[in-house]
Each structure stands twice: as structure tokens, then as C-alpha cells.
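Structure first, then comments.
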Amino acid sequence: DAKTTQPPSMDCAEGRAANLPCNHSTISGNEYVYWYRQIHSQGPQYIIHGLKNNETNEMASLIITEDRKSSTLILPHATLRDTAVYYCIVRPKAAGNKLTFGGGTRVLVKP
Amino acid sequence: DAGVIQSPRHEVTEMGQEVTLRCKPISGHNSLFWYRQTMMRGLELLIYFNNNVPIDDSGMPEDRFSAKMPNASFSTLKIQPSEPRDSAVYFCASSPDSGGADTQYFGPGTRLTVL
């Protein structure tokens with residue numbers, strides 16, 4: 001499985017953009033990059049995913065470098081409700097839908 | 001859509017007792033997953049089913065754990081006998097089986113405490 005590396009924690013000011021980095025230098029050509037988050041006492045929530053192109057949805061944007069060895073999740077206007085643990089996951093194609101969660105980044109949005 | 005439904009939300013039991021956790025996946029989803037979350041080990045995949053068939057149970061810790069999916073709308077995770085180290089939050093998730101990069105939708109979890 002391709003492993004990911006994320007900073008353990010980061011703070012962000014409310015209303016500002018939050019940029020969450022993730023390194024996945026051993027990613028294979030057909031592996032997707034997924035982002036999930038887990039708000040305290042809730043189940044993980046899907047945010048976005050991508051293969052090699054940048055992606056945007058109503059929650060966030062995903063920027064994947066051209067060599068695909070790293071990516072950045074962007075929350076354009078962070079709110080207090082965005083305080084959560086954010087997981088960057090690389091999905092192994094051969095194992096179907098299996099997701100392996102690492103330690104994630106604990107994001108604290110401050111007023 | 002009600003999302004993934006899990007019951008009970010909280011369970012407190014004594015060591016040695018049998019515990020059964022239940023999950024109803026999102027209608028139409030063909031894959032179902034059981035995860036366990038603890039402070040020490042984080043989120044771990046225990047087992048996943050595709051079209052009601054167990055595909056990968058390599059994460060099931062030992063024979064005390066068993067999971068079944070008798071039909072497309074119901075799954076159980078059973079622990080017998082339970083031990084204090086089984087205390088954790090157990091999540092069920094489901095995903096559509098449309099091939100490619102399917103997302104998983106998680107339930108609210110069952111918080112299990114074994115005394």
C-alpha cells in the first residue's frame with residue numbers, strides 16, 4: 001500500500017483558507033488520493049478524491065502535483081465547524097474499495 | 001436517505017458477555033465495511049463485504065470476532081466472549097459498487113465499553 005505522511009496538527013483562522021498537505025511519494029499510477037475528515041464523536045466523512053487532475057467540489061479543492069507524489073487539500077473559507085481530523089488516503093486499486101487510515105492532521109479552526 | 005444506520009449507539013457490557021453490533025447500509029450500496037477505532041490504534045478495517053460475501057477479513061483480530069451479512073440491507077458484528085481490550089468505537093460504512101474510486105459513507109458508530 002502507498003503510505004501517506006501528514007503533519008499531526010495545524011491551526012487555522014476562521015474565514016481564512018486552510019491548506020492541508022499530504023505526501024504520498026510511493027503512489028502507484030492507478031491509485032487515487034482520497035480525503036476524509038472526522039469531526040469529534042462522528043464517523044468519518046468523505047470530502048473529495050482525485051487521480052491526477054485538480055478537483056473541486058462544494059466542500060474543498062484538491063491539488064495534486066504533476067508527479068503525484070504530494071497533494072494539498074484546500075478548505076477555502078474555514079469555519080469553526082471544520083475543526084476535525086483530516087485523513088489523506090491512497091486507495092490501493094487491487095484491494096477494491098479498501099481504505100487504510102493513518103494518523104491524519106488534527107485541524108483546529110480558531111475564531 | 002437516512003444514511004448508514006448503526007445500533008446500538010452505546011453498549012456497556014461485562015467481560016465474557018456476547019456483544020452484537022448491527023448495521024443497515026445505504027440502500028443500493030453493494031459494499032459494506034466494519035471498522036474499529038481506538039486511541040492507540042486509530043481507525044482499523046476489520047472486514048468488508050461485497051454483494052453480501054466477505055472479501056477481506058484479515059483485520060478481524062481473532063476468533064472471538066465474527067461478522068455476517070445475511071442480506072443486502074443488514075450486517076452484524078459479534079464479539080463472543082468480549083474482553084476489556086475490545087472497548088472501542090465500531091463504525092460501519094457502505095459504498096456503491098460502481099467500480100473505480102467509490103467513496104465510503106460511514107455510520108455514527110457504536111461506542112462499546114467492556115468492563
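For CD of B:Glu14, the number of neighbouring non-hydrogen atoms (other residues, nucleotides, ligands) closer than 6.0 Å is 12 at most. The environment of CZ in B:Arg111 is sparse: at most 12 heavy-atom neighbours from other residues, nucleotides or ligands sit within 6.0 Å. Atom CG of A:Asp67 has more than 12 heavy atoms from other residues, nucleotides or ligands within 6.0 Å.
Looking at B:Leu45, the atoms closer than 4.5 Å to chain A (heavy atoms on both sides) all sit in the side chain, from C-beta outward. Looking at B:Thr110, neither its backbone nor its side chain comes within 4.5 Å of chain A, counting heavy atoms on both sides. The contact between B:Gln37 and chain A is made entirely by side chain atoms (from C-beta outward), counting heavy-atom distances below 4.5 Å.
Looking at heavy atoms from C-beta onward, A:Tyr34 lies out of side-chain contact with B:Gln104 at the 4.5 angstrom threshold.
If you chain together hydrophobic residues whose side chains sit under 4.5 Å apart, A:Val33 and A:Ile47 fall into the same group. Linking Ile, Leu, Val, Met, Phe, Trp and Tyr whenever their side-chain heavy atoms come within less than 4.5 Å puts A:Val85 and B:Val89 in one cluster.
The shortest non-hydrogen separation linking B:Phe91 to A:Gln38 is CZ-NE2, 3.5 Å.
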